[in-house]
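Only a predicted model underlies this, so the values are computations on that prediction, with no experimental measurement involved. Along the sequence shown, residues are numbered consecutively beginning with 1.
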Amino acid sequence: MSGHRSIGDTEKAVQAKLGDTPVRHERMAAVANLYRAAAAVRQHFENSVLRGVELTWTSFVVLWVVWIGGERETRQVAEEAGISKGTLTGVARTLQSRGLLERKDHPTDGRLALLALTPEGERLIARVFPEFNAEEAFVTEGLSDDEALDLADLLRRIVEQIETRGEDRRLELLDGHEPRPRRSGRRAKT
């Protein structure tokens with residue numbers, strides 16, 4: 001036994017734990033399965049098409065953002081890739097060391113930096129993307145074209161909800177206060 005619980009088993013276990021607790025189960029199931037699907041897709045891509053070119057999901061996304069958008073400020077790349085500026089720094093350094101990405105000084109603001117693909121980076125992403133897209137087709141094979149478009153629309157609506165109303169909701173939950181800085185998870189050594 002792998003210890004891997006099916007979606008159905010997980011939903012039954014949650015119901016057994018929560019019993020009559022007032023929970024919006026359908027919403028919980030939607031978010032839980034969204035997370036589980038995203039993690040499964042990411043793992044599949046990293047263990048298939050990206051493994052052969054020694055890219056992580058995050059490094060591929062950074063290359064993709066710069067490939068599609070052209071030379072960009074680092075903060076724009078981080079935002080579009082959905083990662084922190086600190087994470088981008090590490091990923092960009094790795095991609096630079098491989099000759100796939102270059103970092104340039106901003107022409108008018110010395111505090112800012114720009115990222116651009118090198119010719120090698122351009123060649124790699126152009127070669128890998130068709131394989132990546134083939135895997136996108138594979139993981140959505142159980143859906144019709146219309147269902148895939150419906151799913152894309154539903155997910156876009158979730159993103160739009162967070163982008164348009166998320167900040168107000170966070171402030172409401174925190175009684176108008178700014179969130180405390182995130183902890184790295186590490187505790188001070190004593």
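Across Val49 and Val53, no two heavy atoms sit closer than the pair O-CG2, 3.9 Å. Between Glu71 and Ala116 the shortest heavy-atom distance is OE2-CB, 4.0 Å. The nearest pair of heavy atoms linking Ser48 to Glu135 is OG-CG, 4.2 Å. Listed here is the closest heavy atom pair of Val66 and Leu115: CG1-O, 3.8 Å. Between Leu55 and Arg98, the shortest heavy-atom distance links the atoms CD2-NH1, 3.4 Å. Listed here is the closest heavy atom pair of Ala81 and Val62: CB-CG2, 4.3 Å.
Ring geometry for Phe132 against Phe60 counts as parallel: the plane angle stays under 30°, on a 0 to 90° scale with 60° as the upper cut.
With values rounded to the nearest 0.5 angstrom, Phe45 atom CZ is found 14.5 Å from Arg51 atom CZ. Here the straight-line distance linking atom CD of Glu120 with atom CG of Leu95 works out to 12.0 Å at 0.5 Å rounding. Taken to the nearest 0.5 Å, the CD atom of Gln96 stands 8.5 Å off from the CD atom of Glu102. Distance CG/Leu174 to NE2/His177: 9.0 Å, rounded to 0.5 Å. The line from CG of Leu63 to CD of Glu122 is 10.0 Å long, rounded to the nearest 0.5 Å. Rounding to the nearest 0.5 angstrom, the gap separating the CG atom in Leu112 from the OG1 atom in Thr108 is 7.5 Å.
By the salt bridge (Lys or Arg N to Asp or Glu O under 4.0 Å) test, Glu80 is found to be paired with Arg72, residues two or more places apart in sequence or in another chain being considered. Here Arg36 pairs with nothing under the salt bridge (Lys or Arg N to Asp or Glu O under 4.0 Å) rule; sequence neighbours left out.
In this structure, Asn47 contributes its side chain and Gln43 its backbone to a donor-acceptor pair below 3.5 Å. With hydrogens and angles disregarded, no donor-acceptor distance shorter than 3.5 Å links the side chain of Glu172 to the backbone of Arg169. At least one donor-acceptor pair under 3.5 Å links the side chain of Thr118 to the backbone N or O of Gly99. Between the side chain of Asp153 and the backbone N or O of Leu149 there is no donor-acceptor pair closer than 3.5 Å. A donor-acceptor contact shorter than 3.5 Å is absent between the side chain of Thr87 and the backbone of Ile83. Glu131 contributes no side-chain N or O that, together with a main-chain N or O of Val128, makes up a donor-acceptor pair within less than 3.5 Å.
The residues Glu46 and Arg42 are annotated as salt-bridged, a charged nitrogen and a carboxylate oxygen being separated by less than 4.0 angstrom. A salt bridge is absent between Arg165 and Glu160: the closest approach of a Lys/Arg side-chain nitrogen to an acidic carboxylate oxygen does not fall below 4.0 angstrom.
Contact check for Pro179 versus Arg170: no side-chain heavy atoms found under the 4.5 Å cut-off. With contacts defined as side-chain heavy-atom distances shorter than 4.5 Å, the pair Val41/His44 does not qualify.
Applying the under-4.5 Å side-chain rule to Ile, Leu, Val, Met, Phe, Trp and Tyr, the cluster around Ile162 extends to Leu34, Leu143, Leu151, Leu155, Ile158.
Environment of CG in Asp105: sparse, with no more than 12 heavy atoms of neighbouring residues, nucleotides or ligands closer than 6.0 Å.
Trp64 and Leu114 end up in different hydrophobic clusters when Ile, Leu, Val, Met, Phe, Trp and Tyr side chains are linked at under 4.5 Å.
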side-chain hydrogen bond (donor to acceptor under 3.5 Å, both in side chains) assessment of Thr56 paired with Ser59: CA-CA 5 Å; Thr56 63; Ser59 62; 3.1 Å; yes
